[in-house]
Every structure is written in C-alpha cells, then in structure tokens.
Protein chains: 2
Amino acid sequence: MTSHVNMDFAGVCVEDAKRQECSAQDRISKMQQTPASFIAPQGGIDRNDPRPLHKQVYEALLASIRDGKLPLRGKLPSERELVDLYNVSRITVRHAVRELVQQGVIHSQPGKGLYVAERGGGFELQVLKSFTSIAIANGRSPGHRLIGASIVHAPLEVSRPLFLAPGAEVVLLSRLRLLDNIPVVVQIDWIPAARVPGLLDLDWAVANRSLYAELRERYRIHPKRGQTTLSARLATDEEAAMLELPPPAAVLTVDQIAFDDRNRPVNLTALVHHPARYPLTLLQSESGDFTQY
Amino acid sequence: MTSHVNMDFAGVCVEDAKRQECSAQDRISKMQQTPASFIAPQGGIDRNDPRPLHKQVYEALLASIRDGKLPLRGKLPSERELVDLYNVSRITVRHAVRELVQQGVIHSQPGKGLYVAERGGGFELQVLKSFTSIAIANGRSPGHRLIGASIVHAPLEVSRPLFLAPGAEVVLLSRLRLLDNIPVVVQIDWIPAARVPGLLDLDWAVANRSLYAELRERYRIHPKRGQTTLSARLATDEEAAMLELPPPAAVLTVDQIAFDDRNRPVNLTALVHHPARYPLTLLQSESGDFTQY
DNA sequence: TGACATGACTGGTCATAACCAGTCCTATTG
DNA sequence: CAATAGGACTGGTTATGACCAGTCATGTCA
C-alpha cells in the first residue's frame, strides 16, 4: 500500500456509451484494475509525493482536461471509476472533484455524471491566478517593464489596509505588464519593508522576475487568502499613455490585499487593466444561493 | 436519532482560553452534551429538514458570525467541538467549514483553530449574490425602476452565448437598480422567450419583483453555474444620465451567463455599475495556487 | 533560570461503508 | 406495440475511525 502505484497495466474498458459487460467484472476484480491510460497517462498519483492525494488527483484531472484528453463537453469517468483508476478512496476523489466543480472547470449532474464545462470564447482568465501562468496557459508570452522600485513612507490608503503605522516604510514596486510585448496592465505593489529586507537589491528590470516567487522562495511568505475590490475609473494621462489608450479612457481597477498563512498582510496590489486587452472572467458554480441580482 | 435534536440543555463550557477540565468530561459523556447556547441559539440543526446537514451547519455558523455572536477576529469552536454541538459527524462539519473558508468568511490555521475573517471596510458585496439580499444584508433597501420590457429578436451577441439561432425571440428586461432610492446599476437581461411563456404578463414596474425568483417559482428554472466577464468602458450618455454621472464617466461592466442544472443557458445579464456607489468585492482563499500576478 | 521534553489540543488527510434520489436502458407485462 | 417495472448505474450525503503535523502551555531537568 505504501509502494508506488502501477498505472501501466494495459487498460480495458474504453470510455463509451455502452460498457456494461466489462464494468461488471471490474467490480469483482479489485486488485488488478487500473485501466488508466486515457486519463492517467503515466500514473499521475504518487504516494511518496508529499502533496496530498486529493491535490494530485485534482491536478491529474485538470491536466487531462487542459491537454484535451477529454473532449470539451465530454463526460468524465464516474467517481467510482476514478477511485479504481487512481487507487484512492472516494472521499479523495470527491475532494478533487469538488474543487474542480467550484472552479467551474467541470460540472456535475446527479444521476448522470461529470462533464467538462465548456469555456467561453476568447481569453480564459481568472482572478487570483498568476499573471505569468495565465499568459502561458493562453499561449502568450508574459513580461513586464519596470516603472519604479523604491522604499517610501506609506500613505494612509496603503498603511491602513496593511495594518502599519502611517508613514511606515514600504517597498513600492511599479510595473507595466506585457502580453506578447503589448502593454495590458499597470501594476503597483506595496510590501511592508520590514518583512522583505533586501528585496530591492534584486534587479527588477529583469522581465520575468516574479514578486510572488521571491516572496515564497526568499522570504518564505506564502499568501493564503485575499480580498479584492473591483471598480472602474477614468485613466490618468500617464496610465492612458502606458496602456496606449486615447483619452478619455476607462480602465478596470483591481485592488487586492493578500494575507499569509498566519493572517498577516503580505502586500497591497493595485492593478489598472486595459479593458479590451485584459478583461477578467470568473467561473462560478452552485455553492451558495446563486440568486444573483 | 431521527427525532429533533435538543439544543436547550443548559450549557457548561463557556468558550475560553483554558477549559481543559470540562472538555475532558465532554469527551466521556457523548449523549448529553450540547453546550450550544452561544453558537447554536435555538437548535439550528433539524434532521427532519430536507436540506443536507452540512448546509444547515453552514448556515447556522454563518448566521452566528453575521449576527455578531462571534467577535470579528474571534475564534470559532474547534471542529470536534462543533461535532458535539450539532450532533453531526466531522465530515459534515468540515464540509460546512470548507465552504465558509472558500468564501472567505472564516480562515483556518492548522494547529490553532478557525477564525472569523475580518472584512474590509465599506460595502461588503459579492459577485453572484442576489442584489436584493446583498442590499438587505448591508441594511440598505433595494429597488428598481423599469426601463423596458419586451420581446425582441436576439442580436448575434445575445443569441450566440445563449445557444440560440440568430434572430430567435428573447425577452428583454431592462431595469435601473436602486439602493435607498439611489441609482447604482443599470441591468439588462435577455431570456430565451420559449422557456418563459407569459413572463411579460407580470407587472415588472413593481419595484421588488425578482427575475430569479420568478424563474425559480413559476418556471422551475434553477440557475446552477455561471460565467462572468468583468471589464470597464465609458458610459453612454443614457447610462451616465441614469447613474447621475457627469460625462465622460467610466463604468464597471459585468456580463454574466447563467446555466441551469441541465446545463442549458438560462439568461444573459449585462450590468453597468456606478463605480463609486457599487464597487465589487471578492473574498478568496487558498484553493488553487494563489500565485496571483 | 533557561532549555527542553511532554502532552493536549488544533486543523488536514484518508480509508471504509452505507444509504438516498435521481437517470436511463432493458425486459417484462398489459 | 405501448406502458411499466427492474436494475444498474450516477452523484450527494453522512457516519466512524484513524493518523499526521502543527501549536502551545506546562512541567522537568540541567
């Protein structure tokens, strides 16, 4: 049970509308199944991996969907089939499935099955995902142009949400985000200077340097939850110029506070989006009332 | 086990930092606990209620938090205490807790406990919640002013996301949303006419009529998931006038497609937000990478 | 007095095992 | 031939029980 799980057994039971006769004997032989192959190419689940099993299942399923191994409006194997596929308990499978459902990647129909959710046309962007990873997932190349990096005294609008004394020192990082070298977002970050000594010693002009990667790897700061406020306003002249918008122009603003696993504020981010080049999409699912407006 | 659960037993064990001696005997007597009283005022969980237990626990906890029975940055009873409080299994408690964590209402610290998340100042609004319920939760009175209600042939931008033939008949419902009689959002809905016969026979000038309530109660249509696109643009002259914005003005736009439990499109909603009067806030938690930008 | 081990907690993870209410195909019955 | 009753599935819910890795107060040993 503690050893590697073998996933290379030649699979029977190809997914199809009618596969009764083989699902029947599946239920009997419980030790030699693992049809795998179409949804779990080379295993996927590793019990030596320190990550939780449900996370591994989640990522294996997500990868199968993203790689197109499952057709867009296609049907996933049933939860009980996934149990056999990955050799985990149904609780673990359901944990992974729930995550995917809540993120809108799949949707479930009781009595029928799990289906891949068709995603709307155009960009597929989500709040709270890495700018870099979103870009790559969409086949675009991310980058940034440094506007400014310095240590300043926090104004009240910055110090208060960060639980700092007014005027406390904060690192100010100001960047113009690019997608395929096209400006799409103006991003300004404030980070309490006391938590990130030496952050400005790094060369922030390097186009692929990631703030969150540095926080994670250099300072062991792991953002865990956040609060985001969305609004709109007219772009300033500088913003309009940087985003190549003819004034008067409207921009989508996203202000975000992140907290770490000990509930301390990590940073404050202000984003100014080019409305056409970088709209935001959210996928939602039934958790909650969904009475919506 | 199938009867009502009694919650009116005089509770010992007031929440405190040191309550060792009584939690010890709690663990022994498993039939007569239910200290309750501070978190489950008059029961809360009813096994005759058709709703799932985890949903009831979720709502009981949410109510306790919203009513201020728990201090804002306060500590919740531990999961195992909640098990005894509500007489449900830990899986059920965890299901409810997970929901609250994912919605950002509470946050958890392994090894320590569950804490009520402090919410940012100002409005506390969320995407995907009912306009009416949000208003009430914030102590404001919701309303709307009818702009137009008619059946039209769907233009391509409307027919395509709704999976309809171009020019198919759709109900168009156009309203100006009010908060304390102040205009805050322009809302336009398109609903496939074939699914909602007689919808326009209702008097939509009535200020508290809810589209989603009608869909639910008259047509048994239950929206389950949705896709939302956020952006910004300059307000049209009509929009600026209705929202009392001096042109040129920027507005926050929210376009939303809802699907029912059989994955059929229910409606298309276009919202035009007054940026200052109705910004949106989102609470987020660790599910996913949270690499964010 | 200070460093350290202990133990009682915390939430996080995972397994096994049921039962329910739907859906949908099939085979029996009228 | 059509209506119906089964049965085999689906996801949804809930219980019990167990172990882990963290946190933190306490008490012991140097």
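Throughout, a chain's letter reflects where its sequence line sits, starting with A, and its residues are numbered from 1.
Under the 4.5 Å side-chain criterion, counting only non-hydrogen atoms from C-beta, A:Asn267 is in contact with A:Leu211.
No hydrogens or angles were tested; on distance alone, nothing pairs the side chain of B:Arg98 with the base of C:dG11 as donor and acceptor under 3.5 Å.
For B:Arg90, the side chain to side chain donor-acceptor pair (under 3.5 Å) criterion is met by B:Glu79, not counting sequence neighbours. With sequence neighbours excluded, no residue forms a side chain to side chain donor-acceptor pair (under 3.5 Å) with A:Arg218. A:Leu62 is linked by a side-chain contact (heavy atoms from CB on, under 4.5 Å) to A:Tyr58, A:Arg66, A:Leu100, A:Val105, counting only residues two or more places apart in sequence or in another chain. For B:His95, the side-chain contact (heavy atoms from CB on, under 4.5 Å) partners are A:Arg98, B:His54, B:Arg98, B:Glu99, not counting sequence neighbours. Take B:Arg160 and apply the side chain to side chain donor-acceptor pair (under 3.5 Å) test, not counting sequence neighbours, and it matches no residue.
With rounding to whole Å, A:Tyr115 atom OH is found 11 Å from D:dT10 atom P. Distance, A:His95 NE2 to C:dG11 P: 16 Å, rounded to whole Å. At whole-Å resolution of the value, NE2 in B:His54 and C1' in D:dT14 are 9 Å apart. Atom P of nucleotide C:dC9 and atom CG of B:Asp84 are separated by 13 Å, given to the nearest angstrom. Atom pair B:Leu53:CG and D:dA15:C1' shows a separation of 11 Å (rounding to whole Å applied). With rounding to whole Å, A:Ile91 atom CD1 is found 16 Å from D:dG11 atom P. Note: CZ (B:Arg94) to P (D:dG17) measures 18 Å, nearest angstrom. Atom-to-atom, CG of B:Leu82 to P of D:dA15 comes out at 14 Å; the value is rounded to the nearest Å.
In this structure, the side chain of A:Tyr219 engages the main chain of A:Leu199 through a donor-acceptor pair within 3.5 Å.
Position along DNA chain C of the nearest nucleotide to B:Glu79 versus A:Thr92 favours B:Glu79 as the more 5'-ward residue.
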Using a cutoff of under 3.5 Å, can you pull out all pairs of nitrogen or oxygen atoms linking the protein to nucleotides 20-22 of chain C, with atom names and distances?
unit_1: C:dG22; atom_1: N2; unit_2: A:Gly111; atom_2: O; d: 3.4

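Across C:dC14, D:dT10, D:dA15, the shortest atom-to-atom separation from the side chain of B:Ser89 is found for D:dA15.
Residue B:Ser78 has a polar side-chain atom (N or O) positioned under 4.0 Å from OP1 or OP2 of C:dT10. Taking side-chain N and O atoms only, B:Arg47 has no distance below 4.0 Å to OP1 or OP2 of D:dT13.
Within 4.0 Å of A:Val97, counting heavy atoms only, lies no atom of the nucleic acid at all.
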